[in-house]
Amino acid sequence: WHKVCSNIEEGGLGLKSLSKINNAYMLKLCWNFFKGESDWALVLGYRVAKKNGTVAHYLTSTIWASIRDMYPKVKNHSTWIIGNGYKVNFWTDRWISMPIIDIMNIHAYFHPKFKCSMSHFLKDGSWHLPLAIQGRVGNQIDNIAIPLCELEDSLIWNLTPNGDMSFKDVYSFCRQPKPKIN
């Protein structure tokens, strides 16, 4: 069946795998949930998100379980573009190469305690960081432009040039192409 669902260039018949399509839709749903721009995402977020921003695992739903399982993939392959800083957790979200808590080697036990939004470190169009953090990530932060006007933070998908996540991109990501046959 795997061969049948492979592309013709890979020796298959080019049929799409239903399980890969399902995984791609769940990843896309998780992306929409993570961005929090839809009403359904906001309602679900209030039901399942903990106060520290992590996803709770107690809602009994097959769709929620699938979305929840995709959460680490979305988190690992996306980056926040800083606007006003209200949506971005300074410590746990990826807005530079890796989350600050990982750069600072903070033990996972303490991660839930780090809840500060990025907006607390932006004042009058410039960064206001503790010296210990500035010394560790200063070079990366210097490359981040702070908007002069009030813009919302935006989430981008790292695996596409434009930062958008189309279903085609997600399916390709979930598919894991096989080596081509000559």
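Rounded to the nearest 0.5 angstrom, Ile82 CD1 and Met118 CE are separated by 3.5 Å. Taken to the nearest 0.5 Å, the OG atom of Ser78 stands 15.0 Å off from the CH2 atom of Trp95. Note that CG of Leu122 and CG of Leu129 are 8.5 Å apart. Values are rounded to the nearest 0.5 Å. Atoms NE2 and CG, on His77 and Asp169 in that order, are 13.0 Å from each other to the nearest 0.5 Å. Here OG1 of Thr160 is found 12.5 Å from NZ of Lys168. Values are rounded to the nearest 0.5 Å. Taking OG of Ser166 as the start and CH2 of Trp31 as the end, the distance is 11.0 Å to the nearest 0.5 Å.
The two residues Lys16 and Ile21 make their nearest non-hydrogen contact at CB-CD1, 3.6 Å. Contact between Ser97 and Gln140 at its shortest, heavy atoms only, is OG-OE1, 2.8 Å. Leu29 and Trp40 make their closest contact through O-CH2, 3.5 Å (heavy atoms, listed as atom of the first residue, atom of the second, distance). Across Asp93 and Lys75, no two heavy atoms sit closer than the pair OD1-NZ, 3.3 Å. Across Ser117 and Phe121, no two heavy atoms sit closer than the pair O-CD1, 3.9 Å.
Leu131 is not connected to Ile141 by any chain of hydrophobic side-chain contacts under 4.5 Å among Ile, Leu, Val, Met, Phe, Trp and Tyr, and they are in different clusters. Neither Leu18 nor Leu13 shares a network with the other; the hydrophobic side chains, linked directly or stepwise wherever heavy atoms of I, L, V, M, F, W or Y lie under 4.5 Å apart, form separate groups for each. If you chain together hydrophobic residues whose side chains sit under 4.5 Å apart, Phe33 and Phe167 never meet in one group. Clustering ILVMFWY residues whenever any of their side-chain heavy atoms sit less than 4.5 angstrom apart, transitively, puts Met98 in the very cluster that holds Ile106. Ile63 is connected to Tyr71 through a chain of hydrophobic side-chain contacts under 4.5 Å among Ile, Leu, Val, Met, Phe, Trp and Tyr, so both are in one cluster.
For the pair Asn84 (side chain) and Tyr86 (backbone), a donor-acceptor distance under 3.5 Å is present. A side-chain donor-acceptor contact under 3.5 Å links Asn89 to the backbone of Phe114. At least one donor-acceptor pair closer than 3.5 Å links the side chain of Lys28 to the backbone N or O of Met165. Of the possible donor and acceptor atoms, none in the side chain of Trp91 sits under 3.5 Å from a partner among the backbone N and O of His111. Counting only distance, with no hydrogens or angles, the side chain of Ser38 and the backbone of Ala41 share no donor-acceptor pair below 3.5 Å.
Side-chain contact check for Pro99 versus Thr92: every heavy-atom pair is 4.5 Å or farther apart. Using a 4.5 Å heavy-atom threshold, the side chains of Phe90 and His120 count as separate. Using a 4.5 Å heavy-atom threshold, the side chains of Leu27 and Lys73 count as touching. Looking only at side-chain heavy atoms (C-beta outward), Tyr25 and Ser66 stay at 4.5 Å or farther from each other. The shortest distance between side-chain heavy atoms of Arg94 and Asn158 falls below 4.5 Å.
With a 6.0 Å radius and a threshold of 12 heavy atoms from other residues, nucleotides or ligands, Glu152 has its CD atom at or below the threshold. Heavy atoms of other residues, nucleotides or ligands lying less than 6.0 angstrom from NE2 of His128 number more than 12. Heavy-atom neighbours of Leu151 CG from other residues, nucleotides or ligands within 6.0 Å: above the threshold of 12. Heavy-atom contacts from other residues, nucleotides or ligands closer than 6.0 Å to CG of Asn162 number more than 12.
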- Task: In sequence, state the C-alpha distance, the side-chain angles, and the governing distance for Ile101 and Lys113, and then conclude on side chain to side chain contact (heavy atoms under 4.5 Å, CB included).
- Result: CA-CA 11 Å; Ile101 53 171; Lys113 301 200 182 301; over 6 Å; no

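Ring centers of Phe34 and Trp157: at least 6.0 Å apart, outside the cut-off.
Of the candidates Leu155, Ile156, Val74, Asp153, Lys35 forms a side chain to side chain contact (heavy atoms under 4.5 Å, CB included) with just one, namely Leu155.
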